[in-house]
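Hydrogens, waters and symmetry mates play no part in the numbers below; they use all other heavy atoms, side chains included. Since the model is a prediction, treat every value here as computed from it, not as a measurement. Throughout, residue positions are numbered sequentially from 1 according to the sequence presented.
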Amino acid sequence: MENGQMQIVCNIDSSYVKYCIVMLTSLFENNRSENISVHLIFGELPEEGKWKIENVVRKYGQTVHFYQVGDELLKDCLIYGDNSHISLATYYRVFLCSILPVQLEKVLYLDCDLVVNGSVNELWNTDISGYAVGCVEDMWSGKPDNYERLHYDVSDSYFNAGVLLVNLLFWRNFSFEEKAINYIQTHISELVFNDQDVLNAILHDKKCFLPFRWNVQDGFLRRKRRIRKESIPDLEMELRHPVVIHYTGSKKPWQYKSIHPYRSVYYFYLDKTEWKGERPVMPLSYKFKLMVDRLLYFCGVAKPKYLKIDASHIK
């Protein structure tokens, strides 16, 4: 199935069709010379949603494969918190070996709450033959709680699961899925970041860290960062040329409360889809709040949440 193709995997549920299409549009727009095969994993997906995704993929001359997964696979999985913005579908990442064709040896997993703002050829061709996964350090890697909960040393750090270059051959030989199921069953009460915790607990010493530009998370752009201090010099360099912008956290660019520095980049790619011109409606009360916030920043009484970032050079 590979034949030189770039193999892209993503998970969705019925509520994420639009955001998946925006993500795929950004990928295709910036990788027109690539031969891309998309593998889309879901539990429930309306026929209209599937049809919309197929149309976009075919428009760019690429291919798509759909994998419907039953509830049985996720029977031992649990989402932390009653009001989580995270779907149970994220756990499909743990079961890639069971879901995807055995011929696939490597895949690039991408979350749907991100945009790809450049070529990912270099990322795809990164040699991870000796590793289980290529990944980017998480914006919360400086939080001691991660290592206490997951029972490994802080020196191995903690990675984000939104962009993963997965060595499926390694996973199969390592019996990763079996280990993951066992870990979920025995440590369910310790999983705060769900399957991301599982991946880190098992693969923390079998990963290859990738440059930050391949997964620029919300926390990287804030004044108050939670990443490990020793990683900040490299992060500062990489932020000059972000390629994958990942809108982590609960406030997404399609929601009116988002003040993400790169939300305009999301709109740029949204406007290349059938939802062109669509923007969240901001209530007057929230506009007033932002106006008050700006006044406080101007007077020096408070500081903005985000660093001052010029997104004009991105798109």
Side-chain angles (χ1 to χ4, degrees), residues 6-40 42 45 48-64 85 87 108-124 136 160 162-164 212-218 220-221 238-282 306 309-315:
M6 185 181 291
Q7 307 291 335
I8 303 295
V9 178
C10 51
N11 303 340
I12 68 165
D13 57 27
S14 57
S15 64
Y16 256 63
V17 170
K18 181 192 301 183
Y19 316 126
C20 179
I21 287 175
V22 174
M23 183 275 284
L24 290 175
T25 297
S26 71
L27 172 70
F28 297 147
E29 281 285 330
N30 291 293
N31 292 271
R32 290 179 176 270
S33 62
E34 301 292 342
N35 184 7
I36 299 173
S37 183
V38 177
H39 303 268
L40 202 146
F42 63 94
L45 184 62
E48 182 186 7
K50 186 184 291 188
W51 175 79
K52 284 177 182 288
I53 292 169
E54 283 180 326
N55 275 358
V56 170
V57 174
R58 288 172 182 162
K59 169 187 169 184
Y60 287 94
Q62 309 295 0
T63 57
V64 62
H85 63 281
S87 164
L108 175 58
Y109 172 86
L110 297 175
D111 267 350
C112 290
D113 60 345
L114 60 78
V115 292
V116 178
N117 201 56
S119 169
V120 292
N121 181 274
E122 181 186 344
L123 170 60
W124 172 249
V136 173
N160 182 272
V163 179
L164 299 173
F212 288 106
R213 64 181 176 274
W214 300 121
N215 186 355
V216 176
Q217 301 151 52
D218 179 278
F220 294 169
L221 309 174
E238 288 291 320
L239 286 179
R240 297 177 187 177
H241 304 287
V243 180
V244 178
I245 298 170
H246 187 187
Y247 301 100
T248 49
S250 59
K251 295 175 182 176
K252 306 299 184 185
W254 54 83
Q255 298 169 329
Y256 73 83
K257 286 188 176 181
S258 171
I259 53 171
H260 195 286
Y262 289 136
R263 70 186 184 281
S264 62
V265 182
Y266 172 82
Y267 297 150
F268 176 84
Y269 292 109
L270 175 77
D271 286 346
K272 293 182 179 296
T273 73
E274 65 176 274
W275 297 280
K276 179 180 179 179
E278 183 178 282
R279 300 292 185 271
V281 178
M282 185 179 292
Y306 292 99
I309 292 172
D310 180 12
S312 62
H313 70 290
I314 305 297
K315 281 296 178 187

Val115 vs Tyr247, side-chain contact (heavy atoms from CB on, under 4.5 Å): CA-CA, chis, key distance, verdict: CA-CA 8 Å; Val115 292; Tyr247 301 100; 3.8 Å; yes

From CA spacing to verdict: side-chain hydrogen bond (donor to acceptor under 3.5 Å, both in side chains), Tyr16, Asp111: CA-CA 10 Å; Tyr16 256 63; Asp111 267 350; over 6 Å; no

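- Atom NE2 in His260 sits 12.5 Å away from atom CD in Gln255 (nearest 0.5 Å).
- With a 4.5 Å cut-off on side-chain heavy atoms, Glu122 and Trp214 count as touching.
- A side-chain hydrogen bond (donor to acceptor under 3.5 Å, both in side chains) with Tyr60 is found for exactly one of Glu29, Glu34, Arg32, namely Glu29.
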Test side-chain contact (heavy atoms from CB on, under 4.5 Å) applied to Val120 and Asn30, step by step: CA-CA 8 Å; Val120 292; Asn30 291 293; over 6 Å; no

Verdict with reasoning, His246 to Val136, per side-chain contact (heavy atoms from CB on, under 4.5 Å): CA-CA 11 Å; His246 187 187; Val136 173; over 6 Å; no

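- Interatomic distance, Thr25 OG1 to Glu274 CD, rounded to the nearest 0.5 Å: 10.0 Å.
- Each of Lys252, Lys18, Lys251 was evaluated against Asp113; a single residue qualifies, Lys252, per the salt bridge (charged side-chain N to carboxylate O under 4.0 Å, His left out) test.
- The line from OG1 of Thr248 to CG of Asn160 is 7.0 Å long, rounded to the nearest 0.5 Å.
- Looking only at side-chain heavy atoms (C-beta outward), Leu110 and Val163 come within less than 4.5 Å of each other.
- No donor-acceptor pair under 3.5 Å is formed between the side chain of Asn117 and the backbone N or O of Val244.
- Checking side-chain atoms of Gln62 against main-chain N and O of Ile36 turns up a donor-acceptor pair under 3.5 Å.
- Atom CG of Asn35 is separated from atom OG1 of Thr63 by 6.5 Å, given to the nearest 0.5 angstrom.
- Residues Tyr19 and Ile12 are not in side-chain contact: their nearest non-hydrogen atoms beyond the backbone lie 4.5 Å or more apart.
- Between Asn55 atom CG and Thr273 atom OG1 the span is 13.0 Å, to the nearest 0.5 Å.
- By the 30° and 60° cut-offs, the orientation of the rings of Tyr266 relative to Trp254 is tilted.
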Test side-chain contact (heavy atoms from CB on, under 4.5 Å) applied to Asp271 and Arg279, step by step: CA-CA 10 Å; Asp271 286 346; Arg279 300 292 185 271; 2.8 Å; yes

